[in-house]
Asks: 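I'd like to ask some things about the structure below.
Here is how names work: the chains are called A, B, and so on, in the same order as the sequence lines, proteins then strands, and each is numbered from 1. Quick caveat: nothing in here was measured; it's all calculated off a predicted structure.
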2 protein chains.
Amino acid sequence: MKVGPDIATLAALMGDPARANMLAALCAGQALTAGELAREAGVTAQTASSHLGKLSAGGLIAGRKQGRHVYYALAGPDVAGVLEALTGLAERTGHTRLRTGPREPALRRARVCYDHLAGDMGVAILDSLTARSMIVGSGETLVLSAAGETFITALGLDLGALSAQRRPLCKGCLDWSVRRSHLAGALGAALLQRFYALGWARRESGTRIVSLSARGLEAFREIFGVAVEA
Amino acid sequence: MKVGPDIATLAALMGDPARANMLAALCAGQALTAGELAREAGVTAQTASSHLGKLSAGGLIAGRKQGRHVYYALAGPDVAGVLEALTGLAERTGHTRLRTGPREPALRRARVCYDHLAGDMGVAILDSLTARSMIVGSGETLVLSAAGETFITALGLDLGALSAQRRPLCKGCLDWSVRRSHLAGALGAALLQRFYALGWARRESGTRIVSLSARGLEAFREIFGVAVEA
DNA sequence: GGTACATTTCGATCACCGTCGAATCGTACG
DNA sequence: CGTACGATTCGACGGTGATCGAAATGTACC
């Protein structure tokens with residue numbers, strides 16, 4: 001007689017402010033320790049542990065013991081997807097409270113979001129691709145055009161391998177700081193990896209900051225027509 | 001200092017069992033009266049009214065007064081999208097409790113889901129399209145291939161107008177009864193409308209049942225290779 | 001081995017919120 | 001105009017769950 005699968009318990013899991021803050025923090029993609037999550041949520045370690053236990057039992061996060069701390073991460077991309085969708089909905093319905101992205105300029109410029117590039121640079125890249133019709137669509141749903149395919153192949157990416165992944169190839173991901181979309185999905189992740197490999201970008205350890213090399217800045221300006229002040 | 005937009009309040013709104021049941025019922029797309037939703041959720045009219053007030057204030061649903069009752073519907077396709085994503089996640093994490101879709105055979109065979117076709121027939125159609133590589137992808141993210149474009153154009157649909165819509169052209173929607181996906185999105189909706197126009201299908205008033213005409217059954221078998229016992 | 005620290009468990013407190021009974025408002029129907 | 005019914009409001013009750021203090025586990029570092 002009951003209609004739905006347990007949307008209720010799942011949503012209730014995300015419905016607590018402390019847990020929601022934890023999940024939002026984990027959306028960046030990197031695993032965080034229980035203590036960090038406690039501070040992130042603004043609760044004591046004990047309550048945090050309780051919440052983490054529930055989230056874990058609910059299948060939303062997974063914890064890995066390493067030494068004397070436990071690193072928690074989102075259980076999978078689909079969880080991140082739901083959270084992003086929720087964020088977008090909150091955006092639209094005006095449920096956002098303040099929400100002025102990161103204060104640090106370096107974070108605003110380029111940072112890691114789950115597994116792809118976010119920040120001004122991420123938004124600029126997607127803008128450039130859509131302006132040249134290499135990616136079409138808007139909002140969350142994006143599609144790679146034929147011109148886009150040749151473009152990313154020229155960049156040295158294996159389109160076939162990317163398409164074979166279960167997750168969507170292209171996806172728009174709402175950027176908190178700019179309130180605009182950047183490129184996520186398999187292609188977004190692969191692009192960032194490619195930037196690393198080419199030495200254009202480097203991940204600052206311990207933070208979400210992605211720093212761009214001089215060569216990278218040059219390349220971005222040339223390829224994407226993106227000019228960023230040093 | 002706070003990190004996320006108010007995912008928490010939004011999720012908490014969906015986190016109550018009664019409200020979740022209401023939202024799940026509204027996922028079918030047709031507006032329901034407060035009384036119907038109360039019965040659907042298994043609560044009294046007063047508590048239902050309270051819940052509806054909160055959902056409305058939260059921007060998830062919208063109510064229209066008509067005569068002496070109030071018809072409530074989901075505020076928009078994005079709300080349905082989040083709900084579907086949540087359902088999918090609940091599916092994957094095994095949070096589903098029992099959940100044996102509708103009992104009525106007619107409902108199991110073909111019914112309206114929001115604005116597109118669901119049920120065995122809906123699943124079969126998507127199966128047929130993917131088997132012939134007219135639609136590629138899996139899960140929630142689907143893309144129309146070149147072969148698919150010519151196919152639906154031949155069916156008399158205006159692809160340009162469909163792509164111009166803000167919502168995604170193709171989307172997978174998890175079918176409760178079968179636990180498999182059927183075609184949603186702009187194309188899914190347009191297809192159902194086309195079926196109506198061609199006299200292949202008809203919406204049973206007052207229910208979610210979609211009944212198929214003899215001509216429709218013939219056409220479905222011919223075009224999609226779908227054989228359904230009468 | 002002993003101390004420090006991260007995490008978890010247990011237990012108790014307390015606030016919030018879902019629930020329903022009774023009453024009110026508004027519309028439809030005769 | 002009066003009755004019937006759907007929807008909402010008000011008020012009170014009760015239970016679930018978040019929270020933290022205290023204590024227990026387990027790991028690292030010396």
Side-chain angles (χ1 to χ4, degrees), chain A residues 2-4 6-26 30-58 60-73 95 97 206, chain B residues 2-4 6-26 30-58 60-73 95 97 206:
Chain A
K2 277 292 117 272
V3 270
D6 236 345
I7 300 180
T9 51
L10 223 47
L13 232 37
M14 308 191 248
D16 177 78
R19 286 194 292 261
N21 283 333
M22 292 177 178
L23 290 172
L26 290 176
Q30 66 178 332
L32 298 175
T33 70
E36 289 170 325
L37 287 170
R39 267 179 286 127
E40 195 75 34
V43 294
T44 63
Q46 316 111 22
T47 58
S49 179
S50 164
H51 288 311
L52 291 171
K54 294 178 189 191
L55 287 174
S56 203
L60 291 182
I61 65 174
R64 287 198 330 169
K65 293 195 60 169
Q66 256 181 38
R68 59 175 161 179
H69 0 226
V70 182
Y71 284 91
Y72 285 99
H95 265 275
R97 47 178 161 190
Chain B
K2 277 290 120 273
V3 269
D6 235 345
I7 300 179
T9 51
L10 223 46
L13 232 35
M14 309 190 249
D16 178 77
R19 287 195 290 262
N21 283 334
M22 292 178 176
L23 290 173
L26 290 176
Q30 67 178 332
L32 298 175
T33 70
E36 289 171 324
L37 287 170
R39 267 179 288 124
E40 195 75 34
V43 294
T44 64
Q46 316 110 19
T47 57
S49 180
S50 164
H51 287 311
L52 291 171
K54 295 177 188 194
L55 287 174
S56 204
L60 292 182
I61 65 174
R64 286 198 331 169
K65 293 194 59 168
Q66 255 181 39
R68 60 174 159 180
H69 6 219
V70 182
Y71 284 90
Y72 285 98
H95 265 276
R97 48 177 162 192

Asks: Using a 4.0 Å heavy-atom cut-off, does B:Ala48 contact any base of the nucleic acid, only the sugar-phosphate backbone, or nothing at all?
Replies: nothing

Asks: Separation of B:Glu36 atom CD from D:dC5 atom P, in whole Å?
Replies: 17 Å

Asks: Between B:Ser49 and A:Ala12, who's closer to the 5' end of DNA chain D by nearest nucleotide?
Replies: B:Ser49

Asks: A:Met22 CE to C:dT7 P: how many Å, rounded?
Replies: 11 Å

Asks: Just how far, in rounded Å, is P of C:dC20 from CZ of B:Arg39?
Replies: 15 Å

Asks: Minimum heavy-atom separation for A:Ala18 and A:Ala41, please, with both atom names.
Replies: O-CB, 3.5 Å

Asks: In whole angstroms, how far is the C1' atom of C:dT8 from the OH atom of A:Tyr72?
Replies: 9 Å

Asks: Is there a side-chain contact between B:Thr47 and the phosphate of C:dC20, meaning an N or O under 4.0 Å from OP1 or OP2?
Replies: yes

Asks: Evaluate B:Leu37 against B:Leu26 for side-chain contact (heavy atoms from CB on, under 4.5 Å), listing each step before the verdict.
Replies: CA-CA 9 Å; B:Leu37 287 170; B:Leu26 290 176; 4.0 Å; yes

Asks: Run B:Ile7 and A:Leu23 through side-chain contact (heavy atoms from CB on, under 4.5 Å) and show every step you take.
Replies: CA-CA 10 Å; B:Ile7 300 179; A:Leu23 290 172; over 6 Å; no

Asks: Does a side-chain N or O of A:His69 approach OP1 or OP2 of D:dG26 to a distance below 4.0 Å, or not?
Replies: no

Asks: Between A:Thr44 and D:dT19, is there a contact of a side-chain N or O with OP1 or OP2 at under 4.0 Å?
Replies: no

Asks: Side chains of B:Leu60 and B:Arg19: does their closest heavy-atom pair fall under 4.5 Å?
Replies: no

Asks: Let's see if you can work this out: which of C:dT19, C:dT7, D:dT8 has an atom nearest to the side-chain heavy atoms of B:Val43?
Replies: C:dT19

Asks: Between P on D:dG17 and CG on A:Leu55, what's the gap in Å once rounded to a whole number?
Replies: 14 Å

Asks: Remember a base hit wins even if backbone is also touched, and classify B:Ala45 as base, sugar-phosphate or nothing at under 4.0 Å, heavy atoms.
Replies: base

Asks: What's the separation between atom CG in A:Leu10 and atom CG in A:Leu55, rounded to the nearest 0.5 Å?
Replies: 10.0 Å

Asks: OP1, OP2 of C:dC25 versus side-chain N and O of B:Arg68: anything below 4.0 Å?
Replies: no

Asks: Among the nucleotides C:dT19, D:dT19, C:dT8, which one has an atom lying closest to any side-chain atom of B:His51?
Replies: C:dT19

Asks: Nearest whole Å is fine: how far is C:dC17 C1' from A:Asp16 CG?
Replies: 14 Å

Asks: Roughly how many Å is it from CZ in A:Arg19 to C1' in D:dG17, rounded to a whole number?
Replies: 9 Å

Asks: May I have the distance from A:Lys54 (atom NZ) to C:dT8 (atom P), rounded to whole angstrom?
Replies: 14 Å

Asks: Considering only side-chain heavy atoms of A:Gln46, which listed nucleotide, D:dT8, C:dT7, C:dT9, is closest?
Replies: C:dT9

